[in-house]
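Reminder, nothing fancy here: chain letters follow the sequence lines and each chain counts from 1. Given the structure is predicted, the values throughout are model-derived calculations rather than measurements.
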2 protein chains.
Amino acid sequence: MPDLHIQLDFGSDVPIYNQIVAQVQELVLMGALHPGDQLPTVRQLAAELRVNFNTVARAYRILDESRLISTQQGRGTYILGTPDPHKSEAARRRTLEELARRYRDSALGLGFSTSEALAALQALLSTAAEEPSPAERPNTAAENGPQEKV
Amino acid sequence: MPDLHIQLDFGSDVPIYNQIVAQVQELVLMGALHPGDQLPTVRQLAAELRVNFNTVARAYRILDESRLISTQQGRGTYILGTPDPHKSEAARRRTLEELARRYRDSALGLGFSTSEALAALQALLSTAAEEPSPAERPNTAAENGPQEKV
DNA sequence: TTTATTATTGTATCATTGTATCATTGAATG
DNA sequence: CATTCAATGATACAATGATACAATAATAAA
């Protein structure tokens with residue numbers, strides 16, 4: 001759990017929670033925080049910064065909504081995996097193949113044939129015609145990161 | 001002791017224990033788990049899912065209270081009689097569709113298109129040509145399950 | 001076999017973490 | 001002034017984790 005060295009300016013007109021948001025974003029961008037890293041708890045950081053922990057929680061929630069971190073009740077908050085660009089194309093491909101294997105095995109385990117599994121996927125993809133552009137979609141999933149407290 | 005192939009989404013707002021409950025219900029409903037089958041121990045499943053075993057225990061307790069499983073201190077947890085003995089074909093179909101949805105969403109989360117997801121599955125199914133016939137799968141069912149002293 | 005010991009299983013209790021809701025503050029505005 | 005509203009604080013809560021415990025099984029000892 002790294003010390004974030006966040007510096008607040010209580011005289012500023014920019015709200016505390018926004019200062020926290022900005023500085024965490026900065027730390028991630030500069031590479032001081034890596035995917036999977038656990039952030040201080042809302043109460044720890046709040047004590048360090050001499051603010052109410054709700055203010056830290058509010059900052060964390062904003063960062064969570066922007067998919068930069070993952071806040072998990074009872075577990076903590078973790079830096080979320082960077083969207084895509086850092087993962088090599090080969091690694092992405094291997095992950096996709098692993099997902100396909102899992103889907104096939106699950107279907108077989110339920111007594112379906114591989115052709116039925118394939119047909120089910122085709123049916124799903126044809127019904128949901130509107131396929132969101134990967135560029136626009138705010139990276140809903142991938143959630144690889146935070147479950148392991150590194 | 002079957003591997004349940006439970007997949008958790010730590011970023012979701014639905015609690016872990018509810019995700020476990022839902023997926024076990026699913027597995028029973030579609031016939032992947034039969035009366036008498038022993039579930040993984042709370043610690044085994046917890047280690048596999050990277051969560052605290054109390055979380056698994058909480059899920060098991062909920063399933064026990066709904067009379068779907070029987071948790072027995074010192075013995076383990078076992079599938080009870082299914083409330084609906086005829087696992088409907090519709091339920092199996094719904095489960096397959098849910099699995100397909102998960103596969104698609106995971107692929108999209110990795111930045112792949114739906115067509116790429118489909119192609120990956122097709123490639124996998126073509127390479128592994130040996131497909132076990134569903135008819136051959138013997139019902140590994142409850143024939144001699146570990147007598148539940150309920 | 002019988003008994004004692006050890007291991008494994010689920011249970012109970014509390015601590016820790018983030019969340020939800022409302023109260024308070026203080027500055028902007030009329 | 002009074003009003004309003006965003007920012008922050010206080011409190012209660014839900015989800016998860018850590019630890020000790022009790023019940024059952026498995027094994028060893030007598």
Side-chain angles (χ1 to χ4, degrees), chain A residues 1-2 4 6 8-22 24 37-80 143 145-150, chain B residues 1 4 6 8-22 24 37-80 145-150:
Chain A
M1 196 129 33
L4 302 189
I6 287 182
L8 295 183
D9 178 3
F10 290 93
S12 167
D13 54 347
V14 42
I16 304 298
Y17 67 89
N18 271 337
Q19 296 186 38
I20 298 174
V21 166
V24 170
D37 281 355
Q38 181 171 15
L39 295 168
T41 70
V42 291
R43 286 170 179 83
Q44 283 176 338
L45 185 54
E48 183 183 333
L49 301 179
R50 317 291 185 124
V51 298
N52 189 276
F53 72 87
N54 289 287
T55 303
V56 178
R58 184 171 181 176
Y60 279 5
R61 185 165 52 82
I62 292 174
L63 290 164
D64 180 283
E65 287 167 354
S66 70
R67 309 285 176 170
L68 189 68
I69 68 178
S70 167
T71 63
Q72 303 171 22
Q73 184 169 353
R75 290 172 57 90
T77 73
Y78 302 86
I79 301 292
L80 206 44
E143 300 304 340
Q147 67 227 38
E148 57 238 295
K149 318 173 160 181
V150 191
Chain B
M1 197 131 30
L4 302 189
I6 286 181
L8 298 181
D9 179 3
F10 290 92
S12 167
D13 54 349
V14 40
I16 304 297
Y17 67 89
N18 271 338
Q19 296 186 38
I20 297 174
V21 166
V24 170
D37 281 354
Q38 182 173 15
L39 295 167
T41 71
V42 290
R43 287 171 179 80
Q44 281 176 338
L45 185 54
E48 183 184 332
L49 300 179
R50 316 287 189 119
V51 300
N52 189 275
F53 72 84
N54 288 287
T55 303
V56 177
R58 183 170 181 179
Y60 279 6
R61 185 165 52 80
I62 292 176
L63 290 165
D64 180 283
E65 286 167 355
S66 70
R67 310 290 178 135
L68 190 67
I69 69 179
S70 168
T71 64
Q72 303 168 22
Q73 184 169 351
R75 289 176 44 88
T77 73
Y78 302 87
I79 300 292
L80 272 187
Q147 313 310 344
E148 319 150 18
K149 335 172 163 178
V150 183

Engineer: Heavy atom of residues 42-49 of chain A under 4.0 Å from DNA chain D: which residues?
Structural biologist: none
Engineer: Partners of A:Q44 by side chain to side chain contact (heavy atoms under 4.5 Å, CB included), sequence neighbours excluded?
Structural biologist: A:M1, A:P40, A:T41
Engineer: Measure from the side chain of B:Q73, starting at C-beta and using heavy atoms only, and say which of C:dG10, D:dG17, D:dG9 lies closest.
Structural biologist: C:dG10
Engineer: Measuring only between side-chain heavy atoms, which start at C-beta, is A:Y17 closer than 4.5 Å to A:I62?
Structural biologist: yes
Engineer: Kindly write out the residues that satisfy side-chain hydrogen bond (donor to acceptor under 3.5 Å, both in side chains) with B:N54, not counting sequence neighbours, or none if the list is empty.
Structural biologist: B:N52
Engineer: With respect to the phosphate group of D:dA7, does any side-chain polar atom (N or O) of A:R58 fall under 4.0 Å of OP1 or OP2?
Structural biologist: yes
Engineer: Rounded to the nearest angstrom, tell me the gap between atom CG in B:N52 and atom C1' in C:dT11.
Structural biologist: 13 Å
Engineer: Could you state the atom-to-atom distance from CD of A:Q38 to P of C:dT17 in whole Å?
Structural biologist: 8 Å
Engineer: For a quick test of reading the model, state the closest non-hydrogen atom pair linking A:L80 to A:S70 and the distance between them.
Structural biologist: CD1-CB, 3.8 Å
Engineer: So, using side-chain hydrogen bond (donor to acceptor under 3.5 Å, both in side chains) as the criterion, who are the partners of B:D64 when residues are at least two apart?
Structural biologist: B:T71
Engineer: Atom CD1 of A:I62 to atom C1' of C:dG18: distance rounded to whole Å?
Structural biologist: 15 Å
Engineer: Just how far, in rounded Å, is P of D:dA18 from CZ of B:R50?
Structural biologist: 14 Å
Engineer: Ignoring backbone atoms, test whether B:T55 places a side-chain nitrogen or oxygen under 4.0 Å from the OP1 or OP2 oxygen of D:dG17.
Structural biologist: yes
Engineer: Reckon B:R75 has a side-chain N or O less than 4.0 Å from the OP1 or OP2 of D:dA25?
Structural biologist: yes
Engineer: Between the protein and nucleotides 25-30 of chain C, list every N/O to N/O distance that falls short of 3.5 Å.
Structural biologist:
none

Engineer: Just jot down the side chain to side chain contact (heavy atoms under 4.5 Å, CB included) partners of A:A46, sequence neighbours excluded, or say none.
Structural biologist: A:V51, A:F53, A:V56
Engineer: How many whole angstroms separate atom CD1 of B:I69 from atom C1' of C:dG10?
Structural biologist: 11 Å
Engineer: Do A:T77 and A:Q72 come close enough that some side-chain heavy atom pair is under 4.5 Å?
Structural biologist: no
Engineer: Using atom CG of A:L63 as one end and atom C1' of C:dT19 as the other, report the distance to the nearest whole Å.
Structural biologist: 16 Å
Engineer: To the nearest 0.5 Å, what is the distance between OG1 (B:T55) and CG (B:L8)?
Structural biologist: 9.5 Å
Engineer: Can you tell me the distance, in whole Å, between the CZ atom of A:F10 and the P atom of D:dT8?
Structural biologist: 9 Å
Engineer: Would you say D:dT8 has OP1 or OP2 under 4.0 Å from some side-chain N or O of A:Y17?
Structural biologist: no
Engineer: Starting from the first five and the last five pairs of the helix from C:dT1-D:dA30 to C:dG30-D:dC1, work out the angle between the resulting helix axes, to 10 degrees.
Structural biologist: 10°
Engineer: Would you please confirm or rule out a distance under 4.0 Å between OP1 or OP2 of C:dT11 and any side-chain N or O of B:T71?
Structural biologist: yes
Engineer: Rounded off to whole Å, could you give me the CD1-to-P distance for the B:I16 and C:dT19 pair?
Structural biologist: 13 Å
Engineer: Could you tell me which non-hydrogen atom of B:Q38 sits nearest to which non-hydrogen atom of B:G76, and how far apart they are?
Structural biologist: NE2-CA, 4.0 Å
Engineer: For nucleotides 12-16 of chain C, list the nitrogen or oxygen atoms of the protein found under 3.5 Å from its nitrogen or oxygen atoms, one pair per line.
Structural biologist:
from   : atom 1 : to    : atom 2 : distance (Å)
C:dA12 : N6     : B:N54 : OD1    : 2.7

Engineer: For residues 10-21 of chain B, which residue pairs pass the salt bridge (Lys or Arg N to Asp or Glu O under 4.0 Å) check, not counting sequence neighbours?
Structural biologist: none
Engineer: Once rounded to the nearest 0.5 Å, what's the spacing between atom CD1 of A:I16 and atom CD1 of A:I6?
Structural biologist: 11.0 Å
Engineer: Please find the pair of heavy atoms, one from A:L39 and one from A:Y60, that lie closest to each other, and give the distance.
Structural biologist: CB-OH, 3.6 Å
Engineer: For B:R61, enumerate each residue passing the salt bridge (Lys or Arg N to Asp or Glu O under 4.0 Å) test, keeping only those at least two apart in sequence or located in another chain.
Structural biologist: B:E65
Engineer: From B:L45 CG over to B:L49 CG, what is the distance, rounded to the nearest 0.5 angstrom?
Structural biologist: 4.0 Å
